[in-house]
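Worksheet: the structure to be examined is printed underneath.
Here is the naming used below: chain letters follow the sequence lines, and residue numbers restart at 1 for every chain. These numbers come from a predicted model, not from an experiment.
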Amino acid sequence: MPELPEVETVRRSLTPHLVGETILSATLFRADICETHDQRPATDDTLLAHATIARIDRKGKQLALIATDGRVLNIHLGMSGQVLIRDQHPEATENHVHALWTTSGSRAVMIFKDPRRFGGLWTFPTIDLLNERRWSLLGPDALDALPSVWAPALRRGDRAVKAALLDQRAVAGVGNIYADEALFRIGIRPTTRTKRLSIAASLQLATTVRSVLAESVAARGSTLRDYRDADGFPGRQQLEHRVYGRSGQTCLTCGSRLRGGQVGQRTTVWCPKCQPSQTKHSERVKL
DNA sequence: CTTATGACCTGATAGC
DNA sequence: TGCTATCAGGTCATAA
């Protein structure tokens, strides 16, 4: 569920509860969702027990709690993951709570909950190790980096442009929702081969992606089903979706019937008129 | 090297 | 009601 805007919203909502506070204890209920830098079993120490949180970083769809002593807790929410701040420990009947921390903050409990377990935790003794093992594998962050820096990566190779947008090594943070929304806004069909994208079109696309993500951050992300920020609040950007989840409905721009299909293994929706086929588009979107 | 495909999980929903 | 099938915001390993 969580793409860049949702993860950034979690980061921001988590910050007042954690930064400057101390982790008093850490408990891992499911060892297999956590990987340590040396493959040894996680301990409360590797999970930041007794650390003071200096800041929370994000790259793409990943978060990292950075302790003042250098320790790092890297969190990926996968498809269904949540990081939630609570006043109380969860009830014993609450499912899929895989890790829990108590903190010095006024709301004293943080949990990592992830029904599908596509997400996980990674622990490192230093930020350098986080970068070396994990974040250096990602492309530039789609929100923080200049579009001109990563636009060329959208033209590399020969594949559907949507697949390039979803490739976290090309640019980090774009997922299925915002890929479709950005392609609709700029008028490029998701199946367009990257070889057929002009330099100008790739720059326009990258710029549009960043705008779409920034607008969603401003709306605190999209809540389709279970996405919530750290305080449990939903986002409201789903009200602005133009194509995602609207296959078969009318295009809000031209009234055509929106098409749906699979592109790069992912459900994809586009407008056959506003997002013309490849040859037509290369004439249209060139600058 | 690149790109495509199935696998990994659980829960919600639709259809019979 | 209850069963089965399908689908979901993301990667990952393996095949071609």
Side-chain angles (χ1 to χ4, degrees), chain A residues 1-11 29-35 58-63 74-83 93-98 112-122 133-139 141-142 153-183 190-197 209 212-213 216-217 219-229 234-248 260-269:
Chain A
M1 54 156 16
E3 304 184 29
L4 185 153
E6 291 74 35
V7 177
E8 174 61 15
T9 303
V10 171
R11 190 190 72 79
F29 300 110
R30 261 200 89 111
D32 62 352
I33 59 108
C34 182
E35 191 175 301
R58 178 189 58 74
K59 185 164 187 183
K61 303 169 189 172
Q62 300 185 37
L63 291 175
N74 174 213
I75 304 173
H76 197 304
L77 300 177
M79 206 78 136
S80 59
Q82 299 180 321
V83 179
T93 53
E94 184 167 352
N95 287 326
H96 310 302
V97 176
H98 306 314
F112 174 68
K113 183 172 178 176
D114 183 15
R116 292 180 73 178
R117 276 180 280 130
F118 289 172
L121 309 176
W122 290 260
R133 300 279 186 83
R134 301 264 306 160
W135 284 9
S136 64
L137 308 180
L138 299 172
D141 183 79
L154 301 180
R155 303 177 65 234
R156 228 169 31 206
D158 188 26
R159 52 181 170 173
V161 64
K162 177 167 176 179
L165 284 174
L166 295 178
D167 182 350
Q168 302 298 298
R169 293 167 309 185
V171 58
V174 183
N176 203 37
I177 295 176
Y178 301 112
D180 278 11
E181 293 297 319
L183 287 164
T191 48
T192 304
R193 305 303 294 187
T194 51
K195 265 210 159 64
R196 304 211 41 88
L197 266 193
V209 165
V212 164
L213 295 174
S216 184
V217 169
R220 307 184 63 87
S222 300
T223 294
L224 301 181
R225 43 194 332 162
D226 46 14
Y227 165 72
R228 295 292 185 280
D229 71 12
R236 39 188 166 73
Q237 186 63 15
Q238 66 282 1
L239 302 172
E240 305 301 325
H241 294 168
R242 291 288 180 268
V243 285
Y244 180 83
R246 299 192 66 245
S247 177
Q262 295 279 120
V263 179
Q265 299 283 117
R266 310 299 299 280
T267 299
T268 301
V269 185

Before you tell me yes or no, could you show the steps for A:Lys59 and A:Asp141 under salt bridge (charged side-chain N to carboxylate O under 4.0 Å, His left out), namely the whole-Å CA-CA distance, both residues' side-chain angles and the distance that decides it to 0.1 Å? CA-CA 6 Å; A:Lys59 185 164 187 183; A:Asp141 183 79; over 6 Å; no
Cut-off 3.5 Å, side chains only: do A:Lys162 and A:Asn176 have a donor facing an acceptor? yes
May I have the step-by-step check of side chain to side chain contact (heavy atoms under 4.5 Å, CB included) for A:Asp180 and A:Arg266, ending in yes or no? CA-CA 10 Å; A:Asp180 278 11; A:Arg266 310 299 299 280; over 6 Å; no
Residues forming a ring pair (Phe, Tyr, Trp, His ring centres under 6.0 Å) with A:Phe118, sequence neighbours excluded: none
Restricting to ring pair (Phe, Tyr, Trp, His ring centres under 6.0 Å), what partner residues turn up for A:His98, sequence neighbours left out? none
Base, sugar-phosphate, or nothing: which does A:Tyr178 touch, judged by heavy atoms less than 4.0 Å apart? nothing
Qualifying residues under side-chain hydrogen bond (donor to acceptor under 3.5 Å, both in side chains), relative to [X], sequence neighbours excluded:
{"X": "A:Arg156", "value": "none"}
{"X": "A:Arg159", "value": "A:Asp167"}
{"X": "A:Gln62", "value": "A:Asn74, A:Arg134, A:Trp135"}
{"X": "A:Thr9", "value": "none"}

With respect to the phosphate group of C:dC7, does any side-chain polar atom (N or O) of A:Thr267 fall under 4.0 Å of OP1 or OP2? no
Write down the distance separating the P atoms in B:dC9 and C:dT14, rounded off to the nearest Å. 15 Å
The single option from A:His96, A:Gln82, A:Glu94 passing side chain to side chain donor-acceptor pair (under 3.5 Å) against A:Lys113: A:Glu94
When pairs are called at under 3.5 Å and a stem needs at least three consecutive Watson-Crick or G-U pairs, the stems of DNA chain C are B:2-8 with C:10-16, B:10-16 with C:2-8
Using side chain to side chain contact (heavy atoms under 4.5 Å, CB included) as the criterion, list what pairs up with A:Arg242, not counting sequence neighbours. A:Glu181, A:Phe184, A:Glu240, A:Leu252
Those residues at least two apart in sequence (or on a different chain) that pass side chain to side chain contact (heavy atoms under 4.5 Å, CB included) with A:Leu137 are none
Atom-pair distance ([atom1] on [X]; [atom2] on [N]), nearest Å:
{"X": "A:Glu94", "N": "B:dT10", "atom1": "CD", "atom2": "P", "result": "17 Å"}
{"X": "A:Leu77", "N": "C:dG10", "atom1": "CG", "atom2": "C1'", "result": "11 Å"}
{"X": "A:Asn176", "N": "C:dA8", "atom1": "CG", "atom2": "C1'", "result": "9 Å"}
{"X": "A:Asp226", "N": "B:dC9", "atom1": "CG", "atom2": "P", "result": "19 Å"}
{"X": "A:Asp114", "N": "C:dA8", "atom1": "CG", "atom2": "C1'", "result": "13 Å"}
{"X": "A:Met79", "N": "B:dT10", "atom1": "CE", "atom2": "C1'", "result": "11 Å"}

Shorter than 3.5 Å, N or O on both sides, protein versus nucleotides 1-4 of chain B: list them out with atom names.
from  : atom 1 : to       : atom 2 : distance (Å)
B:dT3 : OP1    : A:Asp158 : N      : 2.8

Going through the checks in order, is the side chain to side chain contact (heavy atoms under 4.5 Å, CB included) test met by A:Val171 and A:Val209? CA-CA 10 Å; A:Val171 58; A:Val209 165; 5.9 Å; no
Show your reasoning for whether side chain to side chain contact (heavy atoms under 4.5 Å, CB included) applies to A:His76 and A:Val7. CA-CA 9 Å; A:His76 197 304; A:Val7 177; over 6 Å; no
Does the protein touch nucleotides 11-16 of chain C at the base, only the backbone, or not at all? Give it as B, S and - per nucleotide, heavy atoms under 4.0 Å. S-----
Between the protein and nucleotides 11-13 of chain B, are there any N/O to N/O pairs under 3.5 Å, and if so, what are the atom names and distances?
from   : atom 1 : to       : atom 2 : distance (Å)
B:dG11 : OP1    : A:His96  : NE2    : 2.6
B:dA12 : O4'    : A:Arg225 : NH2    : 2.9

